[in-house]
> 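Following this message is one structure expressed as structure tokens.
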Amino acid sequence: MAVSSNRVHLSGLARKLVVDGLLAEEPAIQAFQDALQKKQPLVSYLVANKLVDAREVAHAAALEFGVPLIDINTIDIDADVTKLVSEDLIKKHHALPLYKRGNRMYLAVSDPTNLQALDEIKFHIGANTEAILVEEDKLAKAIDKALEAADTSLSDMSDSDLDDLEGLEVSDTEAEQRAAEADIDDAPVVKFVNKVFLDAIKKGASDMHFEPYEKFFRVRFRVDGELSEVAKPPLALANKIAARIKVMSRMDVSERRVPQDGRIKLKLSKTKAIDFRVSTCPTLFGEKAVLRILDSDVARLNIDQLGYEDHQKELFLKNLQKPYGMFLVTGPTGSGKTVSLYTGIAIINTIDINISTAEDPVEINLPGINQVQIDERTGMTFPKALKAFLRQDPDVILVGEIRDIETASIAVKAAQTGHMVMSTLHTNDCPQTLTRLQDMGIQAFAVATTINLITAQRLARKLQPDLKVPLETPPPEDLLKEGYTQADIDAGIKLYGPGSSPDCPSGFKGRTGLYQVMPISDAMKRLIIEGANAVQLADQAKAEGIWDLRRSGLMKAARGYTSLAEINAVTLE
């Protein structure tokens with residue numbers, strides 16, 4: 001039963017808000033009663049229900065009670081100190097441990113009159129406590145972030161906690177392995193692995209690395225091409241985490257001596273699932289597991305999202321529609337070749353075209369396309385798959401990668417006999433692709449007459465539009481040295497660098513492609529047949545107005561999509 005208003009006497013911060021005119025008395029009394037009934041801190045209730053402004057409350061409290069007011073977003077919270085207070089106490093009192101100096105712990109609070117919080121936490125940790133005032137809305141976000149980090153890291157697990165994980169020990173028999181799989185469903189390590197997977201998806205990571213070393217074990221994510229450490233679980237968990245990942249991937253848990261490959265499907269909802277390509281490799285101090293996150297949404301990317309310039313996109317689409325010949329994408333591992341190919345395949349995937357792919361591995365399932373998984377152990381090789389495709393009435397054949405002379409020869413013959421062949425190679429740019437095929441043993445005439453288009457690509461991090469900061473424009477002579485032309489300088493060049501925020505400390509978010517899109521012109525065909533080298537072919541491409549990767553990157557920087565420093569890191573050799 002609610003207490004009547006005439007029996008409620010406001011005090012502390014609530015009374016201060018009424019006196020300052022920030023809140024009327026009757027709403028203040030009602031809020032006090034409701035917050036008490038819901039066991040919720042008064043300030044949290046007021047801000048959550050938009051009865052007061054968080055910033056005004058914080059300033060009023062600071063003036064009234066003489067407690068220092070800070071912006072919590074400017075503080076590096078000590079995770080080890082946060083773990084000294086239980087999650088239940090942090091949530092109950094809405095108080096976040098920030099740091100500790102000697103025998104005194106400093107707590108972020110939004111209501112400095114909540115003496116019960118200070119006393120209970122003081123009793124819990126055996127140290128004096130002191131309040132630091134922060135705005136309620138920022139405190140709520142900081143608490144969620146701190147508790148999420150603590151939940152993910154597992155760093156606070158002691159040796160005694162590991163006693164509960166014995167069911168994860170690697171089993172030597174299939175029956176024991178099944179028993180172990182059943183036992184670990186409630187184990188903390190399972191929750192940890194699942195949490196890491198979800199964190200990787202939320203952060204937009206492309207890869208996860210679980211790495212054991214002699215004296216520590218770490219987890220790293222690759223986000224926008226950059227690796228960063230996200231957790232350091234106890235070293236004693238290394239084998240157990242590897243075992244859990246192998247069980248999820250349907251690998252042989254008992255085999256630790258050889259590399260293994262597997263796949264995991266994680267259902268996020270009834271309509272959304274994420275696949276993980278898993279690879280384990282025995283290292284000096286245990287098995288390292290690397291997981292590539294395969295989001296089927298990338299197969300539905302519009303070509304406009306990939307970063308092609310208008311003239312490059314026109315060449316891409318024009319050559320994609322040709323009925324035969326070779327369409328090649330080149331670049332190092334992780335440069336987005338698969339995404340480009342899948343985007344092209346999606347464009348031409350219509351009911352009247354028969355498309356077959358041979359991939360190692362099949363990364364993303366594409367409806368309406370016949371995909372074959374290459375498996376050397378069973379004898380399903382690229383050459384064998386290509387020979388089978390040619391007997392299956394194909395219109396378009398996609399080869400995951402041209403690795404050897406046999407695969408290259410069959411691909412060239414398929415292109416010569418009326419099929420469109422799409423594939424990838426690992427070369428630095430388009431001209432080098434032409435000479436690489438000849439080095440593999442393909443005749444110059446066959447190279448010149450079968451290849452329609454080559455696309456070389458890299459990925460560069462994009463500046464967060466809301467955070468990017470204008471930079472002082474370098475002198476013209478410096479811009480010329482970077483590779484800009486006098487025409488570029490005359491048109492005006494404005495360069496930007498990354499800013500930062502708590503949510504985006506690097507100032508970069510997402511990546512865009514840098515492309516060299518080179519059709520094989522008649523002049524270039526003659527050079528190939530005459531035995532021209534990669535430098536001569538590059539000169540011819542430049543004479544034809546084909547942008548190289550450096551030029552593509554410089555223009556991205558000039559338009560403010562990325563920074564010149566990022567372009568230099570990606571394109572300078």
> Can a donor-acceptor pair be found, under 3.5 Å and without considering hydrogens, that links the side chain of K246 to the backbone of A289?
no
> Just verifying a value: how many Å separate I374 CD1 and M380 CE, rounded to the nearest 0.5 Å?
6.5 Å
> Tell me if a side-chain donor or acceptor on Q373 pairs with a main-chain N or O of V362 at a distance below 3.5 Å.
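Yes.
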> Using every non-hydrogen atom in the two residues, find where A411 and M326 come nearest and quote the distance to one decimal.
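Smallest heavy-atom distance, with atoms named: CB-CE, 4.2 Å.
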> Do the side chain of K203 and the main chain of V223 share a donor and acceptor less than 3.5 angstrom apart?
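It does not hold such a pair.
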> Does NZ or CZ of K232 come closer than 6.0 Å to the centre of the six-membered ring of F216, within 45° of the ring's axis?
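Relative to the ring axis of F216, which defines the angle, K232 lies inside both limits.
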> Working to the nearest 0.5 Å, report the span between CE of M440 and CZ of R403.
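Those atoms lie 11.0 Å apart.
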> Whether the side chain of E287 engages the backbone of T280 through a donor-acceptor N/O pair (distance < 3.5 Å, no angle test) should be reported.
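Not at all, since once roles are kept as given, no pair shorter than 3.5 Å links the two residues.
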> In Å, rounded to the nearest 0.5 Å, how long is the span from OG of S206 to CZ of R222?
6.5 Å
> To check you understand the geometry: which heavy-atom pair defines the closest contact between N349 and P367, and what is its length?
ND2-O, 3.1 Å
> Centres of the F217 and F285 rings: under 6.0 Å?
no
> Does a side chain donor of either N239 or R244 reach within less than 3.5 Å of an acceptor in the other side chain?
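Distance-only check fails for N239 and R244.
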> Looking at D395 and N354, would you say the former's side chain and the latter's main chain have a donor-acceptor pair under 3.5 Å?
yes
> Return yes if some donor-acceptor pair links the side-chain N/O of H209 with the main-chain N/O of R220 below 3.5 Å, else return no.
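It does not hold such a pair.
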> Under a 3.5 Å cutoff, is there a donor and acceptor pairing between the side chains of S356 and Q392?
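Absent: no donor and acceptor within the cut-off.
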> Residues in side chain to side chain contact (heavy atoms under 4.5 Å, CB included) with T333, at least two apart?
H426
> Strictly distance-based, threshold 3.5 Å: is any side-chain N or O of D304 a donor or acceptor partner for the main-chain N or O of K313?
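Checked: no pair found.
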> Might you confirm whether atom OH of Y561 has over 12 heavy atoms from other residues, nucleotides or ligands at distances under 6.0 Å?
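No, the 6.0 Å shell around OH holds no more than 12 heavy atoms from other groups.
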> More than 12 non-hydrogen atoms from neighbouring residues, nucleotides or ligands closer than 6.0 Å to CD on Q443, yes or no?
no
> Measure the spacing between OG1 of T450 and CG of L437 and express it to the nearest 0.5 Å.
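With rounding to 0.5 Å, OG1 (T450) is 8.0 Å from CG (L437).
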> Any side-chain to backbone donor/acceptor pair from T455 onto V329? Under 3.5 Å, distance only.
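No, the answer is negative, given that no donor and acceptor are paired below the 3.5 Å cut-off.
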> Which atoms form the tightest heavy-atom contact between I347 and L317, and what is the distance?
CD1-CD2, 3.7 Å
> So L537 and Q432, side chain to side chain contact (heavy atoms under 4.5 Å, CB included) or not? Walk me through it.
CA-CA 8 Å; L537 293 170; Q432 289 186 34; over 6 Å; no
> Measuring from atom OG1 of T512 to atom CG of L463, what distance do you get when rounded to the nearest 0.5 angstrom?
11.0 Å
> Say whether T350 and D352, considering side chains only, have a donor N or O and an acceptor N or O under 3.5 Å apart.
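Yes, because at least one side-chain N or O of T350 sits under 3.5 Å from a partner of the opposite role on D352.
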> Under a 3.5 Å distance rule, please check whether Q371 uses its side chain to pair with a backbone N or O of E359 as donor and acceptor.
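Judged by distance alone, no pair lies under 3.5 Å.
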> Does atom CZ (R511) have a neighbourhood of more than 12 heavy atoms from anything else shown, all under 6.0 Å?
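Check passes, neighbour count above 12.
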> Parallel under 30°, tilted from 30 to 60°, perpendicular over 60°: which one fits the rings of Y515 and Y308?
parallel
> Before you tell me yes or no, could you show the steps for I454 and T427 under side chain to side chain contact (heavy atoms under 4.5 Å, CB included), namely the whole-Å CA-CA distance, both residues' side-chain angles and the distance that decides it to 0.1 Å?
CA-CA 11 Å; I454 305 174; T427 56; over 6 Å; no
> Hey, does the side chain of Q312 reach the backbone of S552 with a donor-acceptor pair shorter than 3.5 angstrom?
no
> Does one side chain, of N319 or K322, offer a donor that lies under 3.5 Å from an acceptor on the other?
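Present: a donor and an acceptor within the cut-off.
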> Taking only residues two or more places apart in sequence, or in another chain, which ones meet Y324 in a side chain to side chain contact (heavy atoms under 4.5 Å, CB included)?
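Not a single residue meets the side chain to side chain contact (heavy atoms under 4.5 Å, CB included) criterion with Y324.
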